[in-house]
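Report on the following structure.
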Amino acid sequence: MTKLKLVIGNKNYSSWSLRAWIALKQAGVEFDEIRILLDLPTTYEQIRHYSPTGRVPVLIDGDITIWESLAICEYVTETYAPQLLPTARAARAYARSITHEMYGGFHSLRQNMPMDCRGRYPGEGMTLEVQTDINRITSIWRNCRQKFGQDGDFLFGSFTIADAMFAPVVSRFVTYGVKLDSVAQAYADAILAFPAMQEWLTAASNETESIEHFPL
Ligand SMILES: N[C@@H](CCC(=O)N[C@@H](CS)C(=O)NCC(=O)O)C(=O)O
């Protein structure tokens with residue numbers, strides 16, 4: 001079997017890359033990382049070498065190429081790590097629902113508080129719409145922790161692709177100094193303490209490139 005390759009962007013900025021990367025790490029699959037610097041004149045063509053979309057992340061597994069972060073998380077779950085989704089039907093359905101909700105939504109938060117792992121801008125980016133997104137996200141976290149989280153610190157107890165999808169949100173909350181209720185804060189702390197998240201954040205803070213207006 002050839003070693004998997006994951007094409008990602010700058011760790012400091014690429015929230016979609018983090019989602020796929022952390023899911024692969026948790027799956028325990030060995031993979032090589034190909035990091036392509038975003039926001040350069042050469043970025044699009046470099047990514048196009050691996051993916052038709054010109055966007056990262058992209059996973060290459062032998063002769064199979066998977067793009068779109070959620071498709072990668074699903075593929076990794078299906079192929080290598082079924083534990084990345086809960087097994088009980090109700091929890092699994094809930095996990096899929098919130099995973100897709102994150103993937104397709106929360107545009108105000110994403111637009112106004114772009115991921116910048118090493119940046120600290122407390123109070124910046126807050127609008128009524130952003131607060132509405134934050135309220136919905138923290139209510140998802142509280143519901144999950146209460147209904148499904150008994151066996152661990154994550155949304156469904158152990159780490160799943162739902163946690164992978166929300167990991168960049170936790171980083172944004174740190175960057176923009178978003179105040180959280182105690183349950184949401186405890187969940188955010190668990191994500192921040194997760195070894196793979198620590199590894200990503202350390203790598204992000206060691207990167208030297210900076211992008212002034214990273215869109216999403
Ligand atoms: N829906 C895509 C979004 C991917 C995306 O927008 N990736 C950004 C980086 S986080 C990108 O590749 N941007 C290309 C560029 O800035 O040139 C996914 O989930 O993978």
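Counting convention: from 1, in listed order, for ligands and their atoms alike.
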I'd like to check which ligand 1 atoms, numbered from 1 as shown, lie under 4.0 Å from a non-hydrogen atom of [X].
X      : answer
Ser69  : 18 (C), 19 (O), 20 (O)
Tyr103 : 1 (N), 19 (O)
Pro57  : 20 (O)
Ser14  : 9 (C), 10 (S)

query = Mind checking whether Trp16 has a heavy atom under 4.0 Å from ligand 1?
reply = yes
ask   = Measuring from the heavy atoms of Ser17, does anything fall under 4.0 Å of ligand 1?
value = no
request  = Would you check the N or O atoms of Arg55, main chain and side chain alike, for any that come under 3.5 Å of an N or O of ligand 1?
outcome  = yes
message = With nothing but distance in play, are any N or O atoms of Tyr13 less than 3.5 Å from an N or O of ligand 1?
response = no
request  = Please name all residues satisfying side chain to side chain donor-acceptor pair (under 3.5 Å) with Glu101, sequence neighbours left out, ordered by chain then number.
outcome  = Arg136
message = Please determine whether the number of non-hydrogen atoms from other residues, nucleotides or ligands lying under 6.0 Å from atom CD of Gln150 exceeds 12.
response = yes
query = When you look at CZ of Arg89, are more than 12 heavy atoms from neighbouring residues, nucleotides or ligands closer to it than 6.0 Å?
reply = no
Pair Phe154 + Phe194: ring centers closer than 6.0 Å = yes
query = Should the pair Tyr103 and Trp16 be assigned to parallel (<30°), tilted (30 to 60°) or perpendicular (>60°) ring geometry?
reply = perpendicular
inquiry  = Per the ring-ring contact (aromatic ring centres under 6.0 Å, His included) rule, what does the pair list look like for residues 46-101, sequence neighbours excluded?
reply    = Tyr94-Phe148
